[in-house]
Amino acid sequence: MHYLVLSDIHANYTALEAALDAAKGRWERPVCLGDIVGYGPDPNEVIDRVRALGATVIRGNHDKAASGVADAEDFNPVARAAATWTREQLRPDNLAFLQQLPPGPIEADGLALVHGALHDEDEYVFAPAQALNGLLESPSPVTCFGHTHFQGGFSFHHDKLEVIQLRPEPGASFAALRVEPGTRYLLNPGSIGQPRDGDPRAAFAIADMDHKVIEFWRVPYDIEAVQQRMLQAGLPEPLILRLAYGR
Ligand code: ZN
């Protein structure tokens with residue numbers, strides 16, 4: 001089984017389409033680790049596309065805030081403004097779709113899916129110390145997480161925790177990681193719609209669980225077109241500018 005692993009699409013339809021184009025014919029089962037909406041200008045278009053894919057989806061903090069499942073109290077003012085704007089745009093059926101999304105972790109044939117940390121969907125996993133619980137306690141040897149918008153992750157083998165940073169070479173579409181027996185993994189496919197690891201290209205992963213290979217993809221997209229729609233929508237300027245830098 002080849003999984004298409006999407007995360008943190010953040011209402012960026014152009015980036016999602018570029019990713020789906022690049023991944024065409026290479027996967028059988030799509031999964032999404034949450035934050036379908038928030039920040040970006042295309043909430044309904046992105047939800048429609050994810051629903052049409054038939055993806056297994058768990059919720060992210062922005063899905064909760066935009067749909068009223070949680071308040072946006074802990075959001076910074078810019079994120080809160082985007083959440084409010086998003087809520088105003090949502091069609092009733094898409095609002096209902098966001099509201100019924102389950103929290104992680106859930107298991108999908110050998111892969112565990114979470115948005116943030118294993119035991120707290122809203123917690124960020126940036127550092128090895130934050131990854132340890134997830135690595136040790138996840139129901140699956142391979143766990144996919146999102147939330148940080150950083151592509152890469154962590155592995156644990158014989159009491160040794162390692163940071164995994166795989167980035168496709170400039171000009172290449174993906175970098176591959178071999179899943180070794182007896183090793184546990186916490187892997188972030190990166191963010192489709194708002195990368196923050198310094199590479200502005202849309203990020204996702206394809207997990208080939210038969211051959212135990214995970215590909216970490218980066219795909220360029222028309223960033224200016226998205227920035228133009230954000231400007232027209234009146235979304236906060238810092239959110240518009242950061243897309244160009246991937247920060
Ligand atoms: Zn996010």
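When a ligand or atom number is given, it counts from 1 through the structure's own listing order.
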(request) Test side-chain contact (heavy atoms from CB on, under 4.5 Å) on L33 and V5 and set out the steps. (result) CA-CA 8 Å; L33 311 177; V5 187; 4.0 Å; yes
(request) Please find out if the Zn ion (ligand 1) and some N, O or S atom of H147 are separated by less than 2.8 Å. (result) no
(request) Specify whether H10 and H62 have parallel, tilted or perpendicular ring planes, treating 30° as the upper limit for parallel and 60° as the lower limit for perpendicular. (result) perpendicular
(request) Please examine the side chains of L53 and L6, heavy atoms only from C-beta on, and report whether any two atoms are closer than 4.5 Å. (result) yes
(message) So, of the N/O/S atoms that D8 has, which is the nearest one to the Zn ion (ligand 1)?
(response) OD1
(request) Could you tell me whether the Zn ion (ligand 1) has an N, O or S atom of H62 under 2.8 Å away? (result) no
(request) State, to the nearest 10 degrees, the angle whose vertex is the Zn ion (ligand 1) and whose arms point to NE2 of H10 and OD2 of D35. (result) 90°
(message) Is there a continuous path of hydrophobic side-chain contacts, each under 4.5 Å between heavy atoms, that joins V114 to I106?
(response) no
